[in-house]
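Lettering of chains follows the sequences in order, A, B, ..., and the numbering in each one begins at 1.
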Number of protein chains: 2
Amino acid sequence: MSRKKDKARWATAIMSPDELFNMKKMALLREAGQAFRRKGFHNTSMDEVAAALNVTKPALYYYMKTKQEILFECHQFAFDLADQAKQTAWEASEIGIERLRILLEKYIELLTSTLGSCAVLLEPLSSLSPGHQKIVLKRFRDFDRLMKDLVQQAIDEKSIPPQDPRLTVGFFMGALLHITSWYDVEGARTGKEIAQAYGRFVLNGLKGGSPEPANSSDI
Amino acid sequence: MSRKKDKARWATAIMSPDELFNMKKMALLREAGQAFRRKGFHNTSMDEVAAALNVTKPALYYYMKTKQEILFECHQFAFDLADQAKQTAWEASEIGIERLRILLEKYIELLTSTLGSCAVLLEPLSSLSPGHQKIVLKRFRDFDRLMKDLVQQAIDEKSIPPQDPRLTVGFFMGALLHITSWYDVEGARTGKEIAQAYGRFVLNGLKGGSPEPANSSDI
DNA sequence: CCTACCGATCGGTAGG
DNA sequence: CCTACCGATCGGTAGG
């Protein structure tokens, strides 16, 4: 804050204290998020996260109040990326099936990017405090509704045959969420390749349709 | 309280002690497995599992040596059901794509059945002891290999266009595994309906193919 | 199968 | 940002 005048001196000093704080906080979230994905929230101790960042555990508590709060931010991050993917899809097209494909592909690309390491998708809600659970559950439901509406729109536009949007969304969201559990940056496939392959799988799958058309309790 | 036991005494008296022991052990596995699925392994205490069975915690340790062992058996159970599904598929056909469809549908039906409550699929391996991890990892790899071979067979038989079996299997197995996290016996869909819908999604999805043919590092 | 209890792990804090 | 430490939870056991 009052240190801004030191700005000129060293390379690292070009960051304001605020920027530095946020950089470190993000580094903490990334490191923790990766560990949570790989080993699970409860199998990851704060000591391990600290060691990965070359500091001791108490240092982490300068950036985050509790371990649960870290997990909460990782969840929020996952939804922020989803919102970003939605934004991209909405700007690109008005056709339901097109929006669906772009949203899915963009979301996969974001989840497999460096930024995406913060996102945690497979941890049970019970690991969060009740207050945080409510917030995450609402965002989940909103997103789920968005996807089901998109599927319904694609049906209405005759892009895909009648089917139960709930089953459809459950199907491809399961596939998508699971990427975070096996995706490896060093792996044979880039995020973009995975995104395109999944986009095709999903689109072709839905075009085949399912025998049970949507009924009143489906949306 | 003590009247309940009288009732049980007659009903269970026809069972040998061994059968009784196994029934109770299975009840324990089912109750624990369901809780693990819903809330996660570490968010489920032995006290809770015991309470759900109307006994106290120490009673459970007559049937299982440790909590980790319960989780291990839940994992084993998941693979036992997979083997059973494979058996069904192998008996029904010799065509790759047919075996694939039957295996998937059968597995989903088993996972959504009463028996399937024992199966745990989304818990990180780190929750298990190192010895158990090795065993589960081997079974996972064997099953993964089986599925990739099946996809490759379907490609060779021209049932589906050339594609990377690793991506393909990752895709539909992700979708399948996730069913256990949202499936509700009281829900709108029966296990068979889900199985058939997923079978179609997958088959249609793979028939569309992916642009990248398999390369040397894909199997 | 229960009452009573132990002991390790680990999240979080005090104080500097 | 570190050293030292506390306290709650919870898996597991003793003994009956």
Side-chain angles (χ1 to χ4, degrees), chain A residues 3 12 15 17-18 20-29 31-33 35-36 39-74 123-124 126-132, chain B residues 1-9 12-13 15 17-18 20-29 31-33 35-36 39-74 120 123-124 126-132:
Chain A
R3 293 291 130 221
T12 58
M15 280 192 272
D18 261 23
L20 194 59
F21 181 90
N22 281 326
M23 289 280 295
K24 291 185 178 178
K25 181 171 167 177
M26 284 307 292
L28 165 54
L29 286 179
E31 204 64 46
F36 294 167
K39 313 180 20 170
F41 178 67
H42 288 290
N43 295 321
T44 305
S45 70
M46 291 297 275
D47 273 317
E48 288 174 305
V49 175
L53 293 165
N54 285 313
V55 294
T56 55
K57 182 175 63 173
L60 303 182
Y61 285 86
Y62 180 62
Y63 302 94
M64 281 287 163
K65 244 175 36 209
T66 67
K67 191 189 179 191
Q68 280 193 337
E69 197 181 309
I70 298 177
L71 180 62
F72 174 62
E73 298 246 2
C74 288
E123 194 64 32
S126 321
S127 300
L128 294 168
S129 70
H132 286 161
Chain B
M1 188 91 182
S2 64
R3 291 301 125 214
K4 236 181 188 172
K5 279 179 181 166
D6 287 344
K7 189 178 176 186
R9 207 181 282 157
T12 60
M15 281 191 271
D18 260 23
L20 194 58
F21 181 91
N22 282 326
M23 289 279 297
K24 290 184 177 177
K25 182 171 166 176
M26 284 305 294
L28 165 54
L29 286 179
E31 204 66 45
F36 294 168
K39 310 179 26 171
F41 178 67
H42 288 291
N43 295 322
T44 306
S45 71
M46 291 298 274
D47 273 318
E48 287 173 306
V49 176
L53 293 164
N54 284 315
V55 295
T56 55
K57 182 175 61 171
L60 303 182
Y61 285 86
Y62 180 61
Y63 301 95
M64 281 288 162
K65 245 178 33 213
T66 66
K67 189 189 179 190
Q68 280 193 336
E69 197 180 307
I70 298 177
L71 180 61
F72 174 62
E73 298 246 4
C74 288
V120 168
E123 195 64 31
S126 321
S127 300
L128 294 168
S129 72
H132 286 161

When the ring planes of Phe72(A) and His132(A) are compared, do they come out parallel, tilted or perpendicular, using 30° and 60° as the limits? parallel
Hey, can you tell me if Phe21(B) and Tyr63(B) have their rings parallel, tilted or perpendicular (30° and 60° cut-offs)? tilted
For [X] and [N], what is the distance between atoms [atom1] and [atom2] respectively, to the nearest whole Å?
X        : N       : atom1 : atom2 : answer
Tyr63(B) : dG11(D) : OH    : C1'   : 19 Å
Leu53(B) : dC2(C)  : CG    : C1'   : 16 Å
Lys24(A) : dC1(D)  : NZ    : C1'   : 9 Å
His42(B) : dA8(D)  : NE2   : P     : 22 Å
Met46(B) : dT9(D)  : CE    : C1'   : 15 Å
Tyr62(A) : dG12(C) : OH    : C1'   : 18 Å
Asp47(B) : dA8(D)  : CG    : P     : 18 Å
Leu28(B) : dG12(D) : CG    : P     : 12 Å

Out of dT13(C), dG12(D), dC2(C), which has the shortest distance to the side chain of Pro58(A)? dT13(C)
Picking from dC2(D), dG11(C), dC2(C), the nucleotide nearest the side-chain atoms of Ser45(A) would be dG11(C)
Using both distances under 3.5 Å as the test, list the Watson-Crick or G-U wobble partner of dG16(D), or none. dC1(C)
Applying the Watson-Crick and G-U wobble criteria at under 3.5 Å, what pairs with dG7(D)? Answer none if nothing qualifies. dC10(C)
Backbone N/O of Leu71(A) and side chain of Glu123(A): donor-acceptor pair under 3.5 Å: no
Are the side chain of Lys67(B) and the backbone N or O of Thr44(B) linked by a donor-acceptor pair below 3.5 Å? yes
Which parts of residues 64-74 of chain B get close to DNA chain C, meaning a heavy atom less than 4.0 angstrom away? none
Does a side-chain N or O of Tyr61(B) approach OP1 or OP2 of dA14(D) to a distance below 4.0 Å, or not? no
Kindly indicate whether the side chain of Met46(A), heavy atoms from C-beta on, has any atom under 4.5 Å from the side chain of Ile70(A). yes
Here the gap from Phe41(B) atom CZ to Asn43(A) atom CG, rounded to the nearest 0.5 Å, amounts to 8.5 Å
Please lay out, stage by stage, how Leu20(B) and Lys24(B) fare under the test side chain to side chain contact (heavy atoms under 4.5 Å, CB included). CA-CA 6 Å; Leu20(B) 194 58; Lys24(B) 290 184 177 177; 4.1 Å; yes
